[in-house]
Chemist: 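Can you keep this structure in mind? I'll have questions shortly.
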Amino acid sequence: MHADLDYFYAQCEEKLNPTIREKPVIVCVYSGRTDESGVVSTCNYKARKFGIKAGLPIVRAKKIMEGTEAVFLPANRPFYEETSERIMEILRKYADSFEKMGIDEAYLDVSESVNGEFNQAKLIALQIKQEIVQSEQITCSIGVGPNKLIAKIASDENKPDGLTVVPLDEVSSFLNELAVGRIPGVGKKAEEKLSQLHVRSVKELSGLNTNILVEAFGRNLGSYLYKAARGKDDELVKDRNQPVQISRIATLKSNTRDVTEILPLLTELAHSVNVRLVEENLTCKIIGIIAITENLKIHAKSKTIDAPTSDENTVKRCSRELLEQFLQSTPNTAIRRIGVKLSGLSTKSGQVDLNHFLR
DNA sequence: GTATGCTTTCGGC
DNA sequence: TTACGGCCGAAAGCATAC
């Protein structure tokens, strides 16, 4: 089963202020560079009708919504996080095993509790939806299927406030009608490549043999697509107990390649990631920076350190060195945004994530 | 050739 | 046509070891 909280940030804002429910609600991330620089994070369905979507620059969205009652709000992440955490606790209760996939979605394995009965699973899904609406006034869309792939596609089938159940014997009829873009992992690039192979629907995709797909997409994605077209997926719902990476990124007041101008922000970001690291009682083995240059190209530099650490000064020193190294390797290009990333995380007691070994 | 580990890029939300 | 966030997880790409 896959549960997806509907237009989550914007729905949280509707919950906070129900009077905006009937209007287009657009939640934005302001970068702070100018009054309105930034992008749309998400919006409700009233706003989507106008073509508003995640990633659209705010100025562009404002132009489109000129003369309407649209409400533009800054993202209030802490509130969304808290709301999400309470909802995740509800979801977890119903699952034999549970996998959170970000702030607004999760997989629940309920196979055991329902004894493989899809009707039973449907009842659980209805119960979950009811409980979340009652306690949090938040709707979600749920997909039920024989595996994660089908559940995920099904949760996307009927939104918002949807419930789609696809039992094993309906998998192929369900899939065949769909466009290939509905398969997770098939974005613009893969869609384009497939259309050159005259494949638009999942049915057409299932007509391609393994060799052609592997040739076009590589061994990994190729064999994934071959199986996905047949509704096959054997990924487990895995209880993830610790994050894989921790990162913070922010936009500079102005584009620059002057270290002294970047350093205060870099230091603050290093502090922030380290606070989270310590909060989670973790150490990191890899310290990295992310630089988005003026041409909006993303660059990454990282370094694996000798011993796992949670020392703030190590993170600060290392990220500074990586920044200097980046500037040297990339002349004549100013930086627009800068970030710090910690990975190679393990718990302080020294045990690495158990899931790492089970596979 | 295969396995493994490290660094960078990709793409979802 | 311009505009332009802040996260996350995983894949890709490459080097090295056996």
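Values reported hereafter were calculated over all heavy atoms of this structure, with side chains retained and with hydrogens, waters and symmetry mates removed. Each chain gets a letter, A, B and so on, in the order the sequences are listed, and its residues count up from 1.
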Chemist: Please name the pair of heavy atoms, one in A:Cys140 and one in A:Lys129, separated by the smallest distance, quoted to 0.1 Å.
Modeler: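 Heavy-atom minimum between the residues: O-NZ, 2.8 Å.
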Chemist: From the options C:dC7, C:dG5, C:dA10, select the nucleotide whose nearest atom is closest to the side chain of A:Val244.
Modeler: C:dA10
Chemist: Looking at A:Thr304, I'd like to know whether one of its side-chain N or O atoms comes within less than 4.0 Å of OP1 or OP2 on B:dT7.
Modeler: yes
Chemist: Starting at CZ of A:Phe72 and ending at C1' of C:dC4, how long is that distance when rounded to a whole Å?
Modeler: 15 Å
Chemist: Nearest whole Å is fine: how far is C:dG6 C1' from A:Ile292 CD1?
Modeler: 9 Å
Chemist: Between C:dG5 and A:Ser41, counting only base atoms on the nucleotide and side-chain atoms on the residue, is there a donor-acceptor pair under 3.5 Å?
Modeler: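 Donor-acceptor pair under 3.5 Å: yes.
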Chemist: Verify the neighbour count for atom CG of A:Asp35: are there more than 12 heavy atoms of other residues, nucleotides or ligands below 6.0 Å?
Modeler: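 No.
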Chemist: Nearest 0.5 Å, please: how far is CD in A:Glu13 from CZ in A:Phe8?
Modeler: 10.5 Å
Chemist: Touch check for A:Gly102, heavy atoms < 4.0 angstrom, all strands: base, sugar-phosphate only, or nothing?
Modeler: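 Result for A:Gly102 = nothing.
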Chemist: Within the pair A:Arg336 and C:dG5, is there a side-chain N or O less than 4.0 Å away from OP1 or OP2?
Modeler: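 A:Arg336 to C:dG5 OP1/OP2: side-chain N or O found under 4.0 Å.
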Chemist: For DNA chain C, whose closest nucleotide is more 5', that of A:Gln245 or that of A:Leu296?
Modeler: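 It is A:Leu296 whose nearest nucleotide is closer to the 5' end.
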Chemist: Centroid-to-centroid, A:Tyr107 to A:Phe98, below 6.0 Å?
Modeler: no
Chemist: Can A:Arg77 and A:Glu81 be counted as an ion pair, charged N to O under 4.0 angstrom?
Modeler: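 Counted as a salt bridge, because a side-chain N and a carboxylate O are separated by less than 4.0 Å.
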Chemist: Check the distance between C:dG6's P and A:Leu252's CG and give it to me in whole angstrom.
Modeler: 10 Å
Chemist: Rounded off to whole Å, could you give me the CD1-to-C1' distance for the A:Ile58 and C:dG6 pair?
Modeler: 13 Å
Chemist: If I take atom CD in residue A:Glu81 and atom C1' in nucleotide C:dC8, what distance separates them, rounded to the nearest angstrom?
Modeler: 11 Å
Chemist: What contact category does A:Leu56 fall into here, base, sugar-phosphate, or nothing, at under 4.0 angstrom with non-hydrogen atoms?
Modeler: nothing
Chemist: Please list, for nucleotides 8-13 of chain B, all pairs of protein and nucleotide N/O atoms separated by less than 3.5 Å.
Modeler:
from   : atom 1 : to       : atom 2 : distance (Å)
B:dT8  : OP2    : A:Ala300 : O      : 3.4
B:dT8  : OP2    : A:Ser302 : N      : 2.8
B:dT8  : O5'    : A:Ala300 : O      : 3.4
B:dT9  : OP2    : A:Ala300 : N      : 3.3
B:dC13 : OP1    : A:Lys152 : NZ     : 2.9
B:dC13 : O3'    : A:Asp104 : OD1    : 3.3
B:dC13 : O3'    : A:Asp104 : OD2    : 3.0

Chemist: Would you tell me if any nitrogen or oxygen in the side chain of A:Ser37 comes within less than 4.0 Å of OP1 or OP2 on C:dC4?
Modeler: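 Answer is no, no contact under 4.0 Å.
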Chemist: Among residues 265-289 of chain A, which contact DNA chain C at a heavy-atom distance under 4.0 Å?
Modeler: A:Arg276
Chemist: Kindly check if the number of other-residue, nucleotide or ligand heavy atoms within 6.0 Å of NZ (A:Lys227) is above 12?
Modeler: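 Count not over threshold, so no.
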Chemist: Give the ring-plane orientation class for A:Tyr9 versus A:Tyr80, where under 30° counts as parallel, over 60° as perpendicular and anything between as tilted.
Modeler: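 Answer is parallel, since the angle falls under 30°.
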Chemist: How about A:Glu268: does its CD atom have over 12 heavy atoms from other parts shown lying under 6.0 Å from it?
Modeler: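 Not buried by this count: 12 neighbours or fewer within 6.0 Å.
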Chemist: Just to be sure I understand the rule, does A:Ala75 reach a base, reach only the sugar-phosphate, or reach nothing, if contact means heavy atoms closer than 4.0 Å?
Modeler: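 Answer is nothing: A:Ala75 stays at 4.0 Å or more from every strand.
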Chemist: Starting from P on C:dG5, measure out to NZ on A:Lys53 and report it in whole angstrom.
Modeler: 17 Å
Chemist: Ignoring backbone atoms, test whether A:Arg337 places a side-chain nitrogen or oxygen under 4.0 Å from the OP1 or OP2 oxygen of C:dG6.
Modeler: yes
Chemist: Is atom NZ of A:Lys93 surrounded by more than 12 heavy atoms (other residues, nucleotides or ligands) closer than 6.0 Å?
Modeler: yes
Chemist: Would the number of heavy atoms belonging to other residues, nucleotides or ligands and lying under 6.0 Å from NZ of A:Lys285 be above 12?
Modeler: yes
Chemist: When the distance from OH of A:Tyr80 to P of C:dC7 is rounded to whole Å, what number comes out?
Modeler: 14 Å
Chemist: Quick one: A:Leu345 CG to B:dC6 P, roughly how many Å, whole number?
Modeler: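 Atom-to-atom, A:Leu345 to B:dC6, this comes out as 14 Å.
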